[in-house]
Amino acid sequence: MDKTFQPAEIETRWYQEWEAQGYFAPQGGDRAYSIMIPPPNVTGSLHMGHGFQEAIMDALIRYHRMRGYNTLWQVGTDHAGIATQMVVERQLEAAGTSRHELGRDEFVQKVWEWKEQSGGTITRQLRRLGASLDWSRERFTMDPGLSEAVQEVFIRLYKEGLIYRGQRLVNWDPALHTAISDLEVISEEEQGHLWHFSYPLAGGEGHLTVATTRPETMLGDTAVAVHPEDERYTHLIGRTVALPLTGREIPVIADDYVDPEFGTGCVKITPAHDFNDYEMGVRHGLPMINVLTDDATINDEAPEPYRGLDRFEARKRIVADLDALGLLEKTEHHTLKVPRGDRSGVVIEPYLTRQWYVDARAMAGPAIEAVENGSIQFVPKNYENMYFSWMREIQDWCISRQLWWGHRIPAWYDDAGNFYVGASEEAVRKEHGIAADVALRQDDDVLDTWFSSALWTFSTLGWPEETEELKIFHPSSVLVTGFDIIFFWVARMIMMTLHFRQEVPFHTVYVTGLIRDEEGQKMSKSKGNVLDPIDLIDGIDIESLVKKRTAGMMQPRLAKRIETATRKQFPDGIAAYGTDALRFTFYSLASTGRDIKFDIGRIEGFRNFCNKIWNAARYVLMNCENEDCGADGSADYSLSLADRWIISRLQETEAEVARALAAYRFDHASQALYEFIWNEYCDWYLELSKPVLWDQDSSSEALLGTRRTLIRVLEASLRLLHPFMPFITEEIWQTVAPLAGKRGPTIMLQPYPTADDKAVDSAANADIEWLKGVIVGIRNIRGEMNIPPGKALTVLLKNGSEQDKSRLEQNAPFLRKLARLEQISWLQDGVEEPVSATALVGDLEVLVPMADLIDRDAELERLGRETEKLHKEVARIEGKLNNASFVEKAPAEVVAKERDKLQAQQQALAKLQEQEQRIRQM
RNA sequence: AGGACUAUAGCUCAGUUGGUUAGAGCGCUACCUUGACAUGGUAGAGGUCCCCAGUUCGAAUCUGGGUAGUCCUACCA
């Protein structure tokens with residue numbers, strides 16, 4: 001074995017082996033456990049959020065697989081309609097063409113080509129993470145099978161009246177030329193203006209003043225509204241105003257919606273271009289005049305001078321023209337929320353079109369109930385509130401998109417404007433008796449990507465067929481995802497699955513926090529703070545990192561800033577930490593309900609942890625290979641105190657890990673493992689094994705007992721750790737397992753260690769604590785007094801109990817080795833106590849005679865610090881016990897505990913003060 | 001505007017039902033290449049648990065009110 005752990009070669013070798021051998025496929029067990037991966041964008045690449053979530057899923061999957069569950073981790077990718085289409089369109093643009101030039105069929109063909117070409121990236125990256133996904137069952141949302149499920153769902157929902165087609169205002173993306181759902185609109189505050197315009201009353205005496213942030217929509221105004229009880233305006237209700245620039249007259253109407261306090265209390269109403277105005281238009285039967293085109297330029301409904309102008313150009317012109325007419329009263333600065341498309345970034349227009357909708361209100365009821373009655377539980381629980389509040393006010397879901405990449409809507413139109421929903425043109429003709437000479441044209445639109453994702457848990461298992469897999473693996477066990485897609489995906493999955501399967505899609509939703517950079521900023525390309533999980537695994541030099549972060553930047557200034565910041569943070573690039581270290585870092589940071597600031601320092605610590613494990617294994621193998629380690633169980637052995645103790649601690653660790661995983665506390669699980677392996681197995685147990693292994697006089701039973709324990713505890717620890725660090729554990733386990741009497745082609749399919757209560761040995765724990773106390777006490781004196789580490793000390797013990805005496809007798813060799821002692825013995829009765837530095841272990845006094853090696857003043861200072869601490873503590877407890885109501889009201893055991901504590905501390909204090917006296921008299 | 005979450009060591013974070021001498025990792029200081037590991041070992045320093053009030057014998061922990069930050073939802077033209 002190398003002196004340091006080298007992950008790179010090990011990782012690829014083992015992953016290929018596992019996959020080739022089919023270890024990832026479900027096998028065995030009556031109990032099933034399944035997770036459906038949130039399908040990543042097929043042409044995307046892995047980011048830290050993926051890395052984090054996949055690490056968690058893989059730990060759960062490996063844990064259950066090892067526990068003997070029939071375990072499925074379903075893998076697949078999403079066609080990601082808008083995102084993918086945009087990428088390919090950009091490529092076409094770069095090549096000097098466009099999708100419209102290609103035509104629909106050829107364009108879709110191009111997208112498929114792009115999918116074939118780049119679709120492997122993310123799945124390769126998933127493999128690098130060690131994710132034990134069942135690749136033999138890989139699915140894609142546009143596979144024939146899944147497409148069939150999509151069509152089936154659409155047709156059935158339509159026939160049940162839960163999908164309908166309607167004309168209403170939608171969120172229109174003028175750059176992408178498609179409707180999008182309300183979830184895909186991001187509203188953020190931006191600086192804008194509030195313009196006040198005069199609308200003259202028809203008839204010429206006076207005017208109303210309206211305030212607007214969007215002057216261009218005035219071309220489509222069909223009313224002015226005031227509050228019905230606003231005394232300033234009640235007399236005008238029912239009259240009309242002459243809408244400037246248009247020559248139209250529009251009524252003044254009354255509506256509660258108007259806030260008399262805001263602006264002038266008069267609102268211009270544009271039902272075709274504003275959601276609230278639309279509602280009011282419907283209430284009052286107002287005409288709806290659409291003045292925009294698909295591109296958000298002014299259309300022919302508007303007066304001639306404005307036709308063909310871009311909306312923002314039109315805005316300027318209208319303000320200028322109104323000003324010229326003396327109708328612009330004032331312009332105020334105003335911050336407003338501007339809705340932008342989450343993909344395109346352009347301002348979204350409320351736009352009147354015909355679209356397909358899912359009646360989400362009807363489907364939300366059972367979905368709310370499933371969470372209320374606990375059929376589905378969110379971890380952490382507070383996300384349930386978020387879910388409820390959204391579900392209770394859910395809007396109908398606009399599912400049609402004016403794109404070419406996606407599941408085409410299974411509806412056909414005839415020239416008379418009738419439409420028919422069915423599986424195919426033939427099916428539609430047959431069902432509705434449409435003659436062959438009647439032309440039918442399929443709907444041009446495709447479905448929202450989330451429509452197919454909503455079916456993911458059951459469509460991947462073969463639905464609408466009643467497959468065996470559906471029976472076994474559905475509902476799935478847990479969904480692991482970020483809170484940002486609870487509405488997009490989780491809620492819709494719950495609705496769809498309940499409707500079509502009459503069962504929940506999953507029992508638990510584990511909601512992870514967001515991975516942010518070390519300053520708590522969201523990672524984004526434009527901020528240039530993105531970390532690629534693969535770079536943390538393989539490492540990257542600074543030049544490549546800078547290049548990667550600044551590639552494709554539109555603004556050179558931004559690129560410069562990113563470069564400077566990157567060079568400052570990573571002057572030497574990023575080291576290769578390996579997958580296991582990265583994964584363990586994710587676990588250690590995964591406390592629930594909290595975003596994660598990813599600090600690069602953490603991963604280094606866990607890389608070191610890998611190295612520690614590696615070297616511990618080297619030590620164990622060095623002492624066990626080619627030796628009898630009790631693998632066949634034939635020879636007699638005896639267990640030392642240390643052996644019994646580490647076995648006992650292993651059980652406790654196993655219990656702790658199980659507890660943590662049951663609660664999705666990966667941070668606790670990782671911490672328990674880290675502490676056990678490093679602070680107990682390596683720091684203490686391996687050291688305690690040395691006096692046995694290196695002693696010429698050790699009995700063969702003792703040697704065997706120690707070797708046996710060394711190897712078996714290591715072997716079990718590797719299995720315990722495997723779900724979190726799959727690669728290093730497999731690599732070491734292959735060599736270690738046979739020595740521990742275990743065989744198998746892979747650690748992956750070995751049983752997961754479970755705690756054996758009978759092996760918990762509290763006496764051994766107490767004895768080791770004593771041993772540690774004595775050693776640490778002596779080390780402390782050595783460290784504080786600057787006694788050279790090589791100098792062997794003579795130590796005297798004083799005031800010991802019978803138990804102390806027997807403990808010393810049994811452990812003297814360990815003390816000598818670990819504390820570097822020449823001799824350790826009891827202070828003889830009647831012998832003058834030498835002036836010493838003192839450590840206390842309970843009542844036992846550990847004396848290091850000062851002779852000439854200890855500095856008198858240094859020891860006095862050290863004792864001073866100790867006694868000061870004790871003084872404070874004694875005073876604190878005395879205060880408590882002198883409080884009558886504490887003694888009276890606190891539970892007796894608490895009071896007794898305080899009394900014991902006080903006594904112990906007082907004794908300790910007295911002893912140290914005595915020592916202080918003796919030294920002073922020197 | 002409504003709601004959720006967060007505030008603990010220089011930094012990143014743990015802290016179960018109120019009773020701990022408030023912990024870990026990183027960083028820092030000193031010493032050490034001892035036959036697994038310097039990606040290491042030993043020892044040490046470092047905290048007004050955001051503030052105020054309350055409940056309680058007792059509060060990092062419970063309640064109320066602030067302050068600061070993050071996020072979600074809705075939105076006034």
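Excluded from the calculations below are hydrogen atoms, water molecules and symmetry mates; all remaining heavy atoms, backbone and side chain alike, are included. Letters go in sequence order (proteins before strands), and every chain restarts at 1. Predicted model only: the values in this text are computed from it and were never measured.
A:F584 pairs with exactly one of A:F606, A:F666, A:F727 by the ring pair (Phe, Tyr, Trp, His ring centres under 6.0 Å) rule, that one being A:F606.
Within the nucleic acid shown, A:R665 comes within 4.0 Å of sugar-phosphate atoms alone, with no base atom in reach, counting heavy atoms only. Heavy atoms of A:C610 sit nowhere under 4.0 angstrom from any nucleic acid atom. Residue A:E873 is in sugar-phosphate contact alone, with no base atom involved, counting any heavy-atom pair closer than 4.0 Å across all strands shown. Nucleic acid contact for A:D259: base, since at least one base atom lies under 4.0 Å from a heavy atom of the residue. Note on A:E189: nothing from the nucleic acid sits closer than 4.0 angstrom, heavy atoms only. Looking at heavy-atom distances under 4.0 Å, A:D683 makes contact with sugar-phosphate atoms alone, never a base. Contact annotation for A:W678: backbone-only contact, meaning every heavy-atom pair under 4.0 Å involves sugar-phosphate atoms and none involves a base. If you check every strand for non-hydrogen atoms under 4.0 Å, A:P380 touches nothing. As judged by a 4.0 angstrom heavy-atom cut-off over every strand, A:L621 is placed among residues making no nucleic acid contact.
Distances were taken from every side-chain heavy atom of A:R607 (C-beta onward) to each of B:A43, B:C57, B:U39; the shortest belongs to B:U39. Comparing atom distances between the A:V776 side chain and each of B:A43, B:A74, B:U12 picks out B:A43 as nearest. The side chain of A:L589 has B:U12 as its nearest neighbour among B:U20, B:U39, B:U12. Checking B:C71, B:A77, B:C37 against every side-chain atom of A:K268, the shortest atom distance belongs to B:A77. The A:L686 side chain lies nearest to B:A36 when the options are B:A77, B:C37, B:A36. Among the nucleotides B:U73, B:C76, B:U12, the one closest to the side chain of A:Y257 is B:C76. For A:A890, counting side-chain heavy atoms from C-beta on, the closest listed nucleotide (B:C57, B:A36, B:G41) is B:C57. When each of B:C37, B:A24, B:U12 is scored by its nearest atom to the side-chain atoms of A:E675, the top-ranked nucleotide is B:A24. The side chain of A:F487 sits closest to B:U73 out of B:C37, B:U73, B:C13. The side chain of A:K612 sits closest to B:A36 out of B:A43, B:C76, B:A36.
In this pair, A:F483 and A:Y383 present their aromatic rings parallel. The plane angle is below 30°, not in the 30 to 60° band. Between A:H193 and A:W195, the ring planes lie tilted relative to each other; the angle falls in the 30° to 60° range. Using the six-membered ring where Trp is involved, A:Y664 and A:Y510 have ring planes that are parallel, under 30° apart on the 30 and 60° scheme. In this structure, A:F724 and A:Y587 have perpendicular ring planes: the angle between them is above 60°, well past the 30° mark.
Across B:G3 and B:G65, the matching P atoms stand 11 Å from one another, rounded to whole Å. Comparing the same atom, C1', in B:G19 and in B:G58 gives a spacing of 7 Å after rounding to whole Å. B:G23 and B:G46 have their P atoms separated by 13 Å, given to the nearest Å. Nucleotides B:G25 and B:G64 place their P atoms 36 Å apart, quoted to the nearest Å. B:G41 sits 41 Å from B:C52 when the P atoms are compared, rounded to a whole Å.
Listed pair A:N883 / B:G58 fails the phosphate criterion, with no side-chain N or O lying under 4.0 Å from OP1 or OP2. Contact annotation: A:N608 side-chain N/O to B:C37 OP1/OP2 distance is not under 4.0 Å. At B:U21, one or more side-chain N or O atoms of A:K901 fall inside 4.0 Å of OP1 or OP2 (strictly under the cut-off). At the phosphate of B:A77, OP1 or OP2 sits under 4.0 Å from a side-chain N or O atom of A:H334. Contact check, A:K597 against B:U12: a side-chain N or O comes under 4.0 Å of OP1 or OP2.
Under a cutoff of 6.0 Å and an axis angle of 45°, A:K690 and A:Y619 form a cation-pi pair.
In this structure a side-chain-to-backbone donor-acceptor pair under 3.5 Å is missing from A:D342 to A:I186. Between the side chain of A:D255 and the main chain of A:V226, no donor-acceptor pair closer than 3.5 Å is present. Side chain of A:T264 to main chain of A:T209: a donor-acceptor pair is present (N/O by atom type, distance under 3.5 Å, no hydrogens or angles). Remark: the backbone N or O of A:T4 is not paired with any side-chain donor or acceptor of A:N615 at under 3.5 angstrom. Within the 3.5 Å criterion, the main-chain N or O of A:E518 finds no donor-acceptor partner in the side chain of A:D599.
Closest heavy-atom contact between A:A617 and A:I732: CB-CG2, 3.5 Å.
With hydrogens and angles ignored, no donor-acceptor pair under 3.5 angstrom links the side chain of A:K3 to the base of B:C37. Evaluation of atom-type donor-acceptor distances gives no pair under 3.5 Å for the side chain of A:R779 against the base of B:U42.
In this structure the side chain of A:V267 never reaches within 4.5 angstrom of the side chain of A:D259, judged on heavy atoms. A:W694 is listed as a side-chain neighbour of A:K817, based on a closest heavy-atom distance under 4.5 Å.
Counting only Watson-Crick or G-U wobble pairs whose defining distances are both under 3.5 Å, the stems of 3 or more consecutive pairs in RNA chain B are B:1-7 with B:67-73, B:10-13 with B:23-26, B:28-32 with B:40-44, B:50-54 with B:62-66.
Rounded to whole Å, atom P of B:G27 lies 12 Å from atom CZ of A:R602. Distance NZ (A:K522) to P (B:C71): 7 Å, rounded to an integer number of Å. B:U21 atom C1' lies 16 Å from atom NE2 of A:H871, rounded to whole Å. Here B:U39 presents its P atom at 17 Å from CE of A:M725, a figure rounded to the nearest Å. For the pair A:D667 CG and B:U12 C1', the interatomic distance rounds to 13 Å; values are reported in whole Å. Rounded to an integer number of Å, the gap from A:R214 CZ to B:A77 C1' is 11 Å.
Near RNA chain B, defined here as any heavy-atom distance below 4.0 Å, there are no residues from residues 384-392 of chain A.
Shown here is A:N626, whose CG atom has no more than 12 heavy atoms of other residues, nucleotides or ligands within 6.0 Å. The environment of CD in A:E393 is sparse: at most 12 heavy-atom neighbours from other residues, nucleotides or ligands sit within 6.0 Å.
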Dump the pairs, protein N or O against N or O of nucleotides 28-35 of chain B, anything under 3.5 Å, distances to one decimal.
from: B:U34; atom 1: O2; to: A:R820; atom 2: NH2; distance (Å): 3.4

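Positionally, the nearest nucleotide of RNA chain B for A:N611 lies more toward the 5' end than for the other of A:N611 and A:V887.
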